[in-house]
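Structure first, commentary second.
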Amino acid sequence: MYDEFITEINDFLESEKIMKKVNLLQPPDPNLGDFCIVLNQYSKNDDLFSLGNFWAGKLQDIEGIKEVSVFSMKGKKKPIIYLNFIIEDKIRDQLRTQFISQGLKSIFSPDFGYNKINEGKTAVVEHTSANPISPLHVGNLRNSVHGDTLSRILERTGFDVVRIFYVNDVGLQISFVVVGYELVKNRGIKPAIKIDLWMGQIYAIMNCFHTIQTIKNRAKERDLQTDDSYIISENDKLILTNFLEKQLNELNTDLEKLKTVEKLSKNEKITKRDLQWRINKTKDEIKEIQKYQEIYWDLQKRFPQLFETLRDEVSKIDLMKVQGDYLKKYEKNTDVYVTSLFREVVDWVLEGFRWTLNRYNIPFDVIEYESDLTWSGLTEKVIDELASSKYAVKTGGEGIRFSFPKEGIDEMLQNTSLVKKDIPIKGQVPELQLRRENGTALYAAKDIAYSIQKFETHKPSIIYNVISTEQSLPQFQLLFPLYVLGKTEYASNMKHYAYEMVNLQGRPMSGRIAAYVTADAFYDETIIRARMAKRTSDASRGIGLPEGADEWNEENEILRAIALASTRYPLIDKTPQRRISLNIDEELDFKKNPGPFIEYAHARASGVIQTVKERLDIDVSLDIDCSLILDEQIISIVTLLLDLENIILKSVRELDPSIIATWCYQLAQSFMKFYEGFPVLNAGSVELSKSRLLIVKAFKIGLSTGLEILGIPSADRI
RNA sequence: GAGCAUGUAACUCAGUUGGAAGAGUGUUGGCCUCCUAAGCCAAAAGUCGAGGGUUCAAAUCCCUUCAUGCUCGCCA
């Protein structure tokens, strides 16, 4: 807004033989001045205060400047001198009029809120990708909301975005559900609740049986006398923990010994770290026994019918063998029955996911199955190719391990656009096992193959993987193999969008024990609470319950907007690398959640527009007298609105959609203040009504754009 | 043991290339005869985790240190 002054001040600086470009700042309080500069930036003079007064006198002569005041702040060695500029009222008004009228023009143009720098390019966003074994919970939802918002932001910059859900349908976990499902299906039991919720229960129960069986198998290997049932009896527990605690004691004495001597015995060379690792393992094992004894009773109590059925059926079969067998058959796609059974379970759960995600306004373009990738043979091809590189080591059997020597990494940094900061670890990057000794591929290898597949099928110029920060190292470990395979471009353009996990009331959520607040429950609860709040508020305004079918539909739409604002906003308003702790009760208290506040601001704006239309019958065009609306409050709204494009670019650059969320909130806040102080209906004159109405409309456009980026519909009434 | 992230008001968090410490919630007190009070106004509340360094100037950059979370050789 103050461009003219910049050139004038630059001219002055030049006449003082200072070759620096002037940098205008904003004083903390508008009463201090319209803009200011820091004198220290331009002069190393010892007596800055006198110089400041001298400059102030000179600069005051610039046309349009009313006054330049000198403000001195104490520094350790020298004072810090600010020169505060106050513009002549008339000039300020002129500048503001111009600023607002030009600003409004660009806000009402169809390009507003877009910056097509990536036009014609494709971006892939892979997100959510939750295992299809239990319902989506609030923890998964953070991933979905971030992934979806990121996609929407990318679209705003011109990208053609492909949203991918990657289904991990090959693995031990999924085989639990498949076997469990087959067992209950054969007994004629059908789901009476939402399918993913039901499968989640089967999963938790089967996981429990499986873990208990694993514990018992380990006991057998150690020649301990436990029985074969799927329950840890008190006797079993006693035998197991006694054994483990004895072992723990031995390990601890070894560790103490190792602190004083180099080696434990002549033959055995064992490191401290190794011992520590074993100690931790043993401790975990002891905890696990206790935990799964409790989980057993807990699940039996919570899901009695499923539990009893599954326990009866499981005791008739060799669970480990059947599971392993099924999994192998599915991986190789050799048994039509098994394959269709897996797909039946997976697709059923995915249908449940889709339904849930749809409520949250989160669409997907593509669903890709890990099994398809496995069957395509690409993984084996990639492993073989990597195995012949100089970084691969054979580890016995068919095992292949991949190493990350410093020279190799340095070479990659030179030949790609990657920089040191992209490496999440200093020093030696740990080796990566690609194939087990028994010949099966590990997840890491599949992921490398999958990355290549993603690039080759969708031809994106960039891929974003939305995955929690826990996966930083494995995500980085993907890049170097890609580079080694000659896929330099791929390595450069695969980005890990990392976000921290969600804690729920101080406790992490676990699918393994079916302890989660499901995304569905969260949504349902929010709708109920929103309806209660709306009815209360309507009643205080004398509005009755909705009667006709249309009104019910309208109410439902309003409630949906409020629900999405209340659920999506708290998941996106904090920077992704911050761990968040959701307190469901607080999020449902609409006074504590900024989401509904933003909706309210939008509804108020819509209300104004509607009422004015009904009662005033005025025509609004851009051709208005902006000199009527030069107030700070209005300037701040327009400034914010015009900032949207920058904000979008910044959020892409920093991979942080919370910037958009904060912007929406600030804008809503700014509008609320405007709303209180600047009535449109009773403005006093038609001209004033018109110009204020234009601001309201501009605000509405801006906020609904922001909300659209956040995937939140905007409500016209609340 | 090593690496990464975080640490700002009682609570939840913003804070742009270093340039005058910011919101909301909560607390206290005001404001509905007037476009929706899920709102607005005012007040109180801070050693920016601690210590050091660089600088005219540090929440911001560098070093040290403390606290919390996550990760680190065949889990997916």
Side-chain angles (χ1 to χ4, degrees), chain A residues 23 25 27-29 32 36-41 43-44 46 48 71 73-82 131 168 170-174 272-274 276-277 370 395 399 401 423-438 440 442-444 446-447 468-474 498 500-501 503 530 533-534 536-538 540-541 543 562 570 573-575 577-581 583 586 589-594 596-597 599-601 603-605 607-612 615 646 650 658-659 662 665-666 669 672-673 675-677 679-683 693 696 717-718:
Chain A
N23 181 20
L25 301 169
D29 179 355
L32 290 171
C36 65
I37 63 173
V38 179
L39 192 57
N40 305 56
Q41 284 180 1
S43 172
K44 297 225 185 293
D46 280 335
L48 279 171
F71 178 88
M73 216 178 69
K74 215 172 73 182
K76 259 182 268 174
K77 294 177 189 166
K78 266 188 200 178
I80 301 157
I81 305 293
Y82 289 86
N131 283 340
N168 299 112
V170 185
L172 201 60
Q173 315 255 320
I174 184 77
K272 252 197 257 181
R273 217 191 111 170
D274 232 339
Q276 191 64 55
W277 189 71
E370 183 183 337
T395 61
R401 190 176 291 174
I423 309 174
I425 192 166
K426 247 183 220 161
Q428 188 56 48
V429 178
E431 294 184 343
L432 188 65
Q433 190 82 21
L434 296 175
R435 192 159 61 195
R436 290 189 189 87
E437 294 184 5
N438 70 15
T440 54
L442 273 112
Y443 191 79
K446 293 184 185 179
D447 221 5
S468 77
T469 50
E470 288 173 3
Q471 304 282 337
S472 298
L473 183 57
E500 265 288 359
M501 306 293 274
N503 273 58
K534 180 170 160 46
T536 312
S537 141
D538 282 355
S540 74
R541 284 186 245 138
I543 302 169
I562 298 172
D573 73 337
K574 289 166 193 80
T575 173
Q577 67 256 34
R578 189 182 282 277
R579 175 169 283 253
I580 59 172
S581 193
N583 183 335
E586 285 207 356
D589 180 349
F590 299 127
K591 294 227 174 206
K592 298 184 181 173
N593 187 329
F597 173 88
E599 286 290 2
Y600 186 50
R604 275 184 148 181
V608 171
I609 293 166
Q610 187 61 31
T611 317
V612 169
R615 298 197 206 161
N646 292 329
K650 188 179 170 194
S658 75
I659 297 169
T662 311
Y665 186 51
Q666 278 176 358
Q669 243 177 337
M672 284 296 199
K673 286 180 186 164
Y675 180 88
E676 298 286 336
V680 178
L681 197 60
N682 302 316
L693 184 61
V696 176
R717 285 205 308 149
I718 270 195

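Just so it is clear: chains get the letters A, B, ... in the order the sequence lines come, proteins before strands, and each one is counted from 1.
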Across the strands shown, which category fits A:Pro679 at heavy-atom distances under 4.0 angstrom: base, sugar-phosphate, nothing?
base
Which part of the nucleic acid does A:Leu25 contact within heavy-atom distance under 4.0 Å: base, sugar-phosphate only, or nothing?
sugar-phosphate
Find the distance between CG (A:Asp573) and OH (A:Tyr665) and round it off to the nearest 0.5 Å.
10.0 Å
Rounded interatomic separation in angstrom, taking CE from A:Met672 and C1' from B:rC35
13 Å
Which is true for A:Val170 with a 4.0 Å heavy-atom rule: it touches a base, it touches only sugar-phosphate, or it touches nothing?
sugar-phosphate
Report yes or no: is there a donor-acceptor pair, N or O only, under 3.5 Å between the side chain of A:Gln433 and the base of B:rC74?
yes
Is A:Ile80 touching bases, backbone alone, or none of the nucleic acid, heavy atoms closer than 4.0 Å?
base
Do A:Met672 and A:Arg604 have side chains that approach each other closer than 4.5 Å (heavy atoms only, starting at C-beta)?
yes
Whole-Å distance separating the NZ atom of A:Lys426 from the C1' atom of B:rC4
10 Å
When we call it a touch if two heavy atoms are under 4.0 Å apart, what does A:Thr575 touch: a base, just sugar-phosphate, or nothing?
sugar-phosphate
Among B:rU36, B:rA20, B:rC40, which nucleotide sits nearest the side chain of A:Tyr675?
B:rU36
When rounded to whole Å, the CZ to P distance for the pair A:Arg578 and B:rU12 reads 10 Å
B:rC61 -> Watson-Crick or G-U wobble partner, both distances under 3.5 Å, gives B:rG53
Nearest-nucleotide check on RNA chain B, A:Ser658 vs A:Lys534; residue mapping nearer the 5' end is A:Ser658
Suppose you measure atom P in B:rU47 against the same atom in B:rG22; what distance do you get, rounded to whole Å?
16 Å
Counting any heavy atom closer than 4.0 Å, what does A:Tyr665 reach on the DNA or RNA strands: base, sugar-phosphate only, or nothing?
sugar-phosphate
Please list, chain by chain and in numerical order, all residues satisfying side chain to side chain donor-acceptor pair (under 3.5 Å) with A:Ser658, sequence neighbours excluded.
A:Asp656
Nearest heavy-atom approach of A:Leu39 to A:Leu48 is CD2-O, 3.5 Å
Any side-chain N or O of A:Arg604 below 4.0 angstrom from OP1/OP2 of B:rA38?
no
Taking the same atom, P, in B:rA20 and in B:rA67, what whole-Å distance lies between them?
34 Å
Min side-chain heavy-atom separation A:Pro430-A:Ile425 under 4.5 Å:
yes
I'd like to know if the side chain of A:Asp447 and the backbone of A:Leu442 have a donor-acceptor N/O pair within less than 3.5 Å.
no
Closest nucleotide of RNA chain B for A:Asp589 versus for A:Asn438: which of these residues is on the 5' side?
A:Asp589
Considering every strand shown, what is the Watson-Crick or G-U wobble mate of B:rC48 when both distances are under 3.5 Å?
none
Quantified in whole Å, what is the C1' atom distance between nucleotide B:rA9 and nucleotide B:rA59?
14 Å
Please classify B:rC62 as syn or anti, treating any glycosidic angle within 90° of 0 as syn.
anti
Using whole Å, report how far CG of A:Leu39 lies from P of B:rC56.
14 Å
For the side chain of A:Gln41 and the base of B:rG19, is some donor closer than 3.5 Å to an acceptor across the two?
yes
What I'd like to find out is whether the side chain of A:Lys534 reaches to under 4.5 Å of the side chain of A:Ile718, using heavy atoms alone.
no
So, is A:Gln669 close to the B:rG24 phosphate, meaning a side-chain N or O under 4.0 Å from OP1 or OP2?
yes
In whole angstrom, what separates A:Asn23's CG from B:rG19's C1'?
9 Å
For A:Arg615, answer base if it contacts any base atom (sugar-phosphate contacts may also be present), sugar-phosphate if it contacts only those atoms, and nothing otherwise; contact means non-hydrogen atoms under 4.0 Å.
nothing
Distance in angstrom units between A:Leu48 CG and B:rG19 P, rounded:
18 Å
A:Phe597-B:rA38 aromatic stacking (under 5.5 Å, under 30°)
no
Nearest-neighbour nucleotide for the A:Arg579 side chain, B:rG73, B:rG69, B:rU36 considered
B:rG69
Proximal nucleotide (of B:rU55, B:rC13, B:rA38) relative to the A:Lys574 side chain
B:rC13
Below the 4.0 Å mark, does B:rG39 have OP1 or OP2 next to a side-chain nitrogen or oxygen of A:Lys591?
yes
Side-chain donor-acceptor pair present, A:Arg615, A:Thr611, cut-off under 3.5 Å:
no
Both distances below 3.5 Å, Watson-Crick or wobble geometry, any strand: find the nucleotide opposite B:rA43.
B:rU27
Pairing check on B:rU6: which nucleotide meets the Watson-Crick or G-U wobble criteria with it, both distances under 3.5 Å?
B:rA67
Taking OP1 and OP2 of B:rU6, is either one under 4.0 Å from a side-chain nitrogen or oxygen of A:Gln577?
yes
Categorize A:Ile562 for me: base, sugar-phosphate, or nothing, with a 4.0 angstrom heavy-atom threshold over every strand shown.
base
From B:rG22, B:rC70, B:rU36, nucleotide with atom closest to A:Pro28 side chain:
B:rG22
With rounding to the closest Å, how many angstrom separate the C1' atoms on B:rC70 and B:rC74?
22 Å
Could you measure between the two P atoms, the one in B:rC41 and the one in B:rA23, and give it in whole Å?
11 Å
Tell me which nucleotide, if any, is Watson-Crick or G-U wobble paired with B:rC74 when both distances must be under 3.5 Å.
none
Between B:rG7 and B:rU60, how far is it from one P atom to the other, in whole Å?
12 Å
A:Asp573 CG to B:rG15 C1', in whole Å, measures 15 Å
C1' atom, B:rG29 versus B:rU36: distance in rounded Å?
25 Å
Classify A:Glu470 by what it touches in the nucleic acid, base, sugar-phosphate, or nothing, heavy-atom distance under 4.0 Å.
sugar-phosphate
Hey, does A:Val680 reach any base, or is it just sugar-phosphate, or nothing, if we go heavy atoms under 4.0 Å?
base
Kindly compute the distance separating CG (A:Asn131) from CD1 (A:Ile174), expressed to the nearest 0.5 Å.
7.5 Å
What is the distance, to the nearest angstrom, from the CD atom on A:Glu599 to the P atom on B:rA37?
17 Å
Within the 4.0 Å heavy-atom criterion, would you say A:Thr469 contacts the bases, only the backbone, or no part of the nucleic acid?
nothing
Considering only heavy side-chain atoms of A:Pro596, the closest of B:rG73, B:rA38, B:rA37 is B:rA38
Check: A:Tyr82 and A:Leu32 side chains under 4.5 Å, non-hydrogen atoms:
no
Counting heavy atoms from C-beta on, name the nucleotide in B:rG19, B:rC74, B:rC56 closest to the side chain of A:Val38.
B:rG19
Does A:Lys650 have a side-chain nitrogen or oxygen under 4.0 Å from the phosphate oxygens OP1 or OP2 of B:rU16?
no
Does A:Lys78 have a side-chain nitrogen or oxygen under 4.0 Å from the phosphate oxygens OP1 or OP2 of B:rA57?
no
For the P atoms, the ones on B:rA58 and on B:rA50, what distance do you get once it is rounded to whole angstrom?
15 Å
Identity of whatever pairs with B:rC34 - Watson-Crick or G-U, under 3.5 angstrom:
none
Using a distance-only criterion (donor-acceptor N/O pair, under 3.5 Å, no hydrogens), is the base of B:rU36 paired with the side chain of A:Arg541?
yes
